[in-house]
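Residue numbers begin at 1 in each chain, while the letters A, B, ... track the order of the sequences.
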Protein chains: 2
Amino acid sequence: MKLTSRGRYAVTALVDLARFDNINPVSLRDISLRQGISLDYLEQIFSKLKKNEIVKSIRGTQGGYVLNKNPNDIKLTNIFHAVDEKVKTVQCKKESKKGCNGKATKCITHNLWDELEVHINTFFENKSLKDLLNNNKETRV
Amino acid sequence: MKLTSRGRYAVTALVDLARFDNINPVSLRDISLRQGISLDYLEQIFSKLKKNEIVKSIRGTQGGYVLNKNPNDIKLTNIFHAVDEKVKTVQCKKESKKGCNGKATKCITHNLWDELEVHINTFFENKSLKDLLNNNKETRV
DNA sequence: CTAATCTTGACCATTTTAGTCAGGTATGTA
DNA sequence: TACATACCTGACTAAAATGGTCAAGATTAG
Ligand code: FES
Ligand code: FES
């Protein structure tokens, strides 16, 4: 199971953004330079974050992005959902009674994978951007 | 983040094996038929499980595989490790002070990804094959 | 002997990832 | 008004990972 760079970048970029957006919009160019993430890739990512109403954009000179919500209301779940970083422990559809690869029934370990998915998602639901900001200011233990 | 079929198959196959190995070795062919997993793929998987001393093999007619340990001592961690299903939340090396892609320092969200990795691995460390057997008996009735 | 099984290694199609590239369009400022 | 800054969009691609298949052989019970 691995976390993609896209998901990592989305969170990192938003933490960066959250730190600086008090006064002015933050440009992707700045984030790119500060965090060492490709500008072109960031643009793809922020396009998704915008569609999901996590950030707002301001065009033109001196423009950039600002958060569209309180950092406390932006959970990792929301961020990951926005950039299609989903937790998938199975192939089969949840609604369907069928198993993976169109098998007639669910497999004998199915409950386990459901549990695992819940376990991971719980982590994402309990972390907000606010937590990450605090966490980082404290230089943390 | 997604769990690979390889990891899922390994666990499913071992649960199947654990159910039947009381008397005789269990052939991969049987597991393949019961669980609907490609025989050739199972062979790759069991080769790794054997190298990691999770199962023993018995060759020849009436041969097959048997568990090499008590189901209680086979954790998901062990199984996943054996088949290279690792939890990776970052690209950078843990030992190194450098960040992802050879950056000079770790990123500002690094702690988060470490936490996440621990959170997931904890789940795997607390589940044994025994748990899955019990679990399954309960739900079967 | 022969059928059932494990053993090994090569091979491959498809999908995903992590970007790059090449254009736009909008807008504050000089 | 010119122009630099920044967002916006879509196409493209190299490399890796995934989820297998295929072929050929070695062991051993019956
Ligand atoms: S994981 Fe899909 S059938 Fe169990
Ligand atoms: S995840 Fe590698 S530097 Fe933070």
Side-chain angles (χ1 to χ4, degrees), chain A residues 1-10 12-13 17 20-21 24-33 35-51 55-66 68 80 83-86 88-92 100-103, chain B residues 1-10 12-13 17 20-21 24-33 35-51 54-66 68 80 83-92 100-103:
Chain A
M1 314 198 69
K2 85 174 73 143
L3 186 69
T4 64
S5 293
R6 197 173 61 252
R8 251 194 333 271
Y9 288 169
T12 302
L17 176 57
F20 286 87
D21 86 338
N24 297 310
V26 181
S27 73
L28 293 190
R29 188 166 161 280
D30 285 352
I31 297 179
S32 166
L33 290 173
Q35 305 306 329
I37 304 170
S38 145
L39 175 59
D40 282 319
Y41 204 21
L42 272 181
E43 271 167 355
Q44 284 181 42
I45 292 171
F46 272 74
S47 151
K48 296 183 187 221
L49 293 175
K50 190 191 169 185
K51 271 190 198 124
V55 297
K56 275 184 301 194
S57 69
I58 293 150
R59 304 185 69 160
T61 311
Q62 300 295 94
Y65 287 93
V66 288
N68 197 20
F80 282 163
V83 300
D84 299 309
E85 172 74 54
K86 32 199 162 197
K88 285 199 74 175
T89 58
V90 299
Q91 302 283 9
C92 46
C100 289
N101 314 326
K103 271 169 227 157
Chain B
M1 313 198 71
K2 85 173 73 147
L3 188 70
T4 65
S5 294
R6 196 172 64 252
R8 251 195 332 271
Y9 289 168
T12 302
L17 176 57
F20 286 87
D21 86 339
N24 297 311
V26 181
S27 73
L28 293 190
R29 189 167 159 281
D30 286 352
I31 298 180
S32 165
L33 290 173
Q35 306 305 330
I37 303 171
S38 146
L39 176 57
D40 283 318
Y41 204 21
L42 271 181
E43 272 166 355
Q44 285 182 41
I45 292 170
F46 272 75
S47 152
K48 294 179 190 229
L49 293 174
K50 191 192 169 187
K51 271 190 199 121
I54 291 172
V55 297
K56 276 184 300 195
S57 68
I58 293 150
R59 304 183 68 159
T61 312
Q62 299 297 97
Y65 287 93
V66 289
N68 197 21
F80 282 162
V83 299
D84 299 309
E85 171 75 53
K86 28 195 167 203
V87 177
K88 284 199 74 175
T89 58
V90 298
Q91 302 282 11
C92 45
C100 289
N101 313 327
K103 271 169 226 157

Any side-chain to backbone donor/acceptor pair from B:K103 onto A:G36? Under 3.5 Å, distance only. yes
Candidates A:L17, A:V55, A:V66 - the one meeting side-chain contact (heavy atoms from CB on, under 4.5 Å) with A:V26: A:L17
With the side chain counted from C-beta on, respond yes when A:Q44 and A:Y41 share a heavy-atom pair under 4.5 Å apart, and no when they do not. yes
Just checking B:V26: base, sugar-phosphate only, or nothing, at a heavy-atom cut-off of under 4.0 Å? sugar-phosphate
Whole-Å distance between C:dA26 C1' and A:Q62 CD? 14 Å
Hey, are the side chains of B:P25 and B:Y65 touching, using non-hydrogen atoms and a 4.5 Å cut-off? no
Considering non-hydrogen atoms only, spot the tightest contact between A:V83 and A:I45 and give its length. CG1-CG2, 4.0 Å
How many Å lie between CG on A:L42 and P on C:dC21, as a whole number? 16 Å
Looking at C:dG19, I'd like to know if its phosphate oxygens (OP1 or OP2) sit under 4.0 Å from a side-chain N or O belonging to A:Y9. yes
Is A:S38 close enough to C:dT20 that one of its side-chain N or O atoms is under 4.0 Å from OP1 or OP2 there? yes
side-chain contact (heavy atoms from CB on, under 4.5 Å) against B:L39, all qualifying residues, sequence neighbours excluded: B:L28, B:S32, B:E43
Atom-pair distance (CD on A:E43; C1' on C:dG23), nearest Å: 12 Å
Does B:S27 put a side-chain nitrogen or oxygen below 4.0 Å from OP1 or OP2 of C:dA4? no
Taking for each residue the nucleotide of DNA chain C with the nearest heavy atom, is it B:N101 or B:F46 whose nucleotide lies nearer the 5' end? B:F46
Can you tell me which nucleotide in C:dT5, D:dA6, D:dG19 comes closest to the side chain of A:R29? D:dA6
Under 4.0 Å, counting only non-hydrogen atoms across every strand here, what does B:Q91 touch: a base, just sugar-phosphate, or nothing? sugar-phosphate
Which part of the nucleic acid, if any, lies within contact of A:S47, taking any heavy atom under 4.0 Å across all strands shown: a base, the sugar-phosphate backbone alone, or nothing? nothing
What is the separation between atom CG on B:L39 and atom C1' on D:dG19, rounded to the nearest whole Å? 15 Å
Is there a side-chain contact between A:R8 and A:S5 in this structure, where contact means two heavy atoms from C-beta onward sitting under 4.5 Å apart? yes
Which listed nucleotide (D:dG20, C:dT20, C:dC6) is nearest to the side chain of A:Y41? C:dT20
Roughly, in whole Å, what's the span from NZ in B:K86 to P in D:dT18? 9 Å
N/O-N/O pairs, protein side and nucleotides 10-17 of chain D side, under 3.5 Å:
none

Using whole Å, what does the distance between atom P of nucleotide D:dC8 and atom CD1 of A:I58 come to? 10 Å
Provide, to the nearest angstrom, the distance between the CG atom belonging to A:L49 and the P atom belonging to D:dT9. 14 Å
With sequence neighbours left out, the residues meeting salt bridge (charged side-chain N to carboxylate O under 4.0 Å, His left out) with B:D30 are none
The nucleotide from D:dC8, C:dT29, C:dT7 with an atom nearest the side chain of B:Y65 is C:dT7
When A:K50 and A:T61 are each assigned the nearest nucleotide of DNA chain D, the 5'-most assignment goes to A:T61
Is there a donor N/O on one and an acceptor N/O on the other, under 3.5 Å, for the side chain of B:R59 and the base of C:dA4? no
When rounded to whole Å, the CD1 to P distance for the pair A:I37 and C:dG19 reads 9 Å
